[in-house]
Amino acid sequence: MFEQFLTKLRKYEIRMRKAVNSERHGNFHSVFKGSGLEFDDLRLYQYGDDVRTIDWNTSAKGHGTYIKIFKEEKEQTVFFMVDVSASQEVGDAVRQKIDAAKEICGVLTLAAIREASRVGMMCFTDRKEKYIRPSDGMKHGYSLISELFKLQPESTKTNLSEAILLALNVLKRRSLIFLISDFIDKDYEHNLKALARKHDLIVIHVHDQRETNLPKLGIIPVYDAERQSMVWINTSSSRYRTGMREQYVKRRQELERLCRQNKADYLSLNTQEDYVPALIRLFRVRRYVKGTSERV
């Protein structure tokens, strides 16, 4: 089973790489290129230097005005935060949201490792289910994907706020973070803003068509996996169906607005559809924006 999973990931990764590299300018490497700056040295201020780089603490000692010299971080850390709570177990018998989330994480892990990035991962529910420290090399990448594939969460609940706080404490340097979740939770907005300010954040919002277009099956029992209880719902009720759809749309719009306001990339993916084209479009946009900002 794992070999089949890995073969599928390799095919998707090659497909993405070919599509992104087919553009006239740039290549797949620019998607994972480090964008952080690391302090290197101090030197005396010269006319024309950016005043924002002045080190006021050193300059206050009275030996002249000094500015900070930075160098680009050569080593980029790519970190995956994957929601593995029970709400991800929505879909048909063949494919659930959690399956898509694991595939997306696996494909991007292969892509990042091939670009010599350090890759780490945290899978979470309302607790830390699995943490893998960032490292490089294909052996590490395969090990990460294997751990993700076989993971069986201990908890069913979700706590996005705590998961984000844990990531903020673990990652000291600016990193590229992929946060993959269905975002069926609340009160995580403050920590998400902090994560976007400190890191280069890509939010991947996975959802299933049943969350917006539930089949009309009459009154049926539905098991709430997070609360571990059975509830009866009338799937033929237009009021219920409309309310369910509006709830999803509201959650998506609020999340998208939050990302836009805090300069985080947002991507909504239907787990029943081919997600590769959407990832390709995201990477093309990121490559263009980063390339433009570097020239400026």
Side-chain angles (χ1 to χ4, degrees), residues 80-105 123-126 153 155-164 177-193 195-196 201-262 264-279 281-282:
F80 296 95
M81 297 178 62
V82 186
D83 180 354
V84 294
S85 62
S87 66
Q88 293 279 63
E89 298 173 5
V90 172
D92 54 34
V94 178
R95 187 174 181 78
Q96 299 180 332
K97 287 190 289 186
I98 188 61
D99 299 318
K102 287 184 176 183
E103 282 184 16
I104 292 165
C105 180
C123 296
F124 65 91
T125 51
D126 61 341
S155 176
T156 59
K157 299 179 180 179
T158 311
N159 194 324
L160 270 166
S161 181
E162 285 299 316
I164 294 171
I177 297 180
F178 290 90
L179 175 53
I180 307 171
S181 173
D182 56 13
F183 292 91
I184 301 178
D185 199 10
K186 54 186 178 181
D187 300 327
Y188 62 83
E189 292 82 3
H190 177 76
N191 285 355
L192 186 69
K193 290 179 183 179
L195 191 69
L201 177 63
I202 298 177
V203 167
I204 298 182
H205 184 188
V206 294
H207 64 92
D208 186 88
Q209 59 190 8
R210 290 163 182 77
E211 295 172 299
T212 55
N213 189 25
L214 195 67
K216 294 182 179 181
L217 302 174
I219 301 175
I220 61 171
V222 175
Y223 183 69
D224 187 329
E226 290 211 5
R227 297 178 181 177
Q228 296 185 318
S229 62
M230 191 73 73
V231 294
W232 289 82
I233 61 172
N234 186 359
T235 59
S236 298
S237 167
S238 58
R239 181 178 179 182
Y240 177 81
R241 292 167 61 83
T242 300
M244 188 176 183
R245 187 180 304 109
E246 289 177 349
Q247 187 178 44
Y248 164 76
V249 171
K250 181 181 178 182
R251 184 168 64 246
R252 173 176 173 171
Q253 289 176 342
E254 289 177 350
L255 178 59
E256 191 170 6
R257 181 169 57 252
L258 183 66
C259 290
R260 186 170 58 252
Q261 291 173 345
N262 293 277
D265 289 307
Y266 172 84
L267 184 62
S268 176
L269 295 179
N270 185 333
T271 58
Q272 301 300 318
E273 297 176 353
D274 183 2
Y275 56 80
V276 173
L279 288 175
R281 288 193 297 272
L282 171 68

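Since we're looking at a predicted model, the values are computed, not measured.
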Check: In Å and rounded to the nearest 0.5 Å, what is the OG to CG distance from Ser268 to Leu255?
Finding: 9.0 Å
Margin query: If the condition is side chain to side chain donor-acceptor pair (under 3.5 Å), which residues does His205 pass it with, not counting sequence neighbours?
Written below: Tyr266
Next item on the list: State, yes or no, whether a side-chain contact exists between Val206 and Gln88 at a heavy-atom distance under 4.5 Å.
Entry: yes
Notebook entry, point to check: Which residue pairs pass the salt bridge (Lys or Arg N to Asp or Glu O under 4.0 Å) test with at least one member in residues 268-278, sequence neighbours excluded?
Noted result: Arg15-Asp274
Checklist line | Qualifying residue, where the test is side chain to side chain contact (heavy atoms under 4.5 Å, CB included) with Phe124 and the options are Ile164, Asp83, Val84 | finding: Asp83
Next item on the list: Give a yes-or-no answer on whether the side chains of Asn191 and Ser161 include a donor-acceptor pair shorter than 3.5 Å.
Entry: yes
Note to self: Rounded at 0.5 Å granularity, tell me how far CG in Leu160 sits from OG in Ser85.
What the structure shows: 8.0 Å
Item checked: Interatomic distance, Phe183 atom CZ to Leu192 atom CG [nearest 0.5 angstrom] -> 6.5 Å
Donor-acceptor pairs are to be reported for all side-chain atoms of residues 93-103 against protein atoms at under 3.5 Å, with residues two or more places apart or in another chain.
unit_1 : atom_1 : unit_2 : atom_2 : d
Arg95  : NE     : Thr271 : O      : 2.6
Arg95  : NH1    : Glu103 : OE1    : 3.4
Arg95  : NH1    : Glu103 : OE2    : 2.9
Arg95  : NH2    : Glu103 : OE1    : 3.2
Lys97  : NZ     : Ser87  : O      : 3.1
Lys97  : NZ     : Asp182 : OD2    : 2.9
Lys97  : NZ     : Glu211 : OE2    : 2.9
Asp99  : OD2    : Gln96  : N      : 2.8
Lys102 : NZ     : Leu148 : O      : 3.2
Lys102 : NZ     : Phe149 : O      : 3.4
Glu103 : OE1    : Tyr275 : OH     : 2.9
Glu103 : OE2    : Lys8   : NZ     : 2.8

Item checked: Pairwise side-chain contact, Ser155 with Asp126, heavy-atom cut-off 4.5 Å (strictly under) -> yes
Item checked: Which residues share a side chain to side chain contact (heavy atoms under 4.5 Å, CB included) with Glu254, sequence neighbours left out -> Lys250, Arg257
Item checked: Separation of Leu179 CG from Tyr188 OH (nearest 0.5 Å) -> 9.0 Å
Item checked: Gap separating the CD1 atom of Ile202 from the CG atom of Leu282, nearest 0.5 angstrom -> 5.0 Å
Next item on the list: With sequence neighbours left out, write down each residue that passes salt bridge (Lys or Arg N to Asp or Glu O under 4.0 Å) with Asp208, or none if nothing qualifies.
Entry: Arg210
Next item on the list: Taking ring pair (Phe, Tyr, Trp, His ring centres under 6.0 Å) as the test, write out the residues that go with Phe80, two or more places apart.
Entry: Phe178
Next item on the list: State which residues pass side chain to side chain donor-acceptor pair (under 3.5 Å) with Asp265; sequence neighbours excluded, sorted by chain then number.
Entry: Arg286
Notebook entry, point to check: What's the spacing between Ile180 CD1 and Ile104 CD1 if we round to 0.5 Å?
Noted result: 5.5 Å
Checklist line | For Glu162, side chain to side chain contact (heavy atoms under 4.5 Å, CB included) partners two or more places apart | finding: Asn159, Leu165
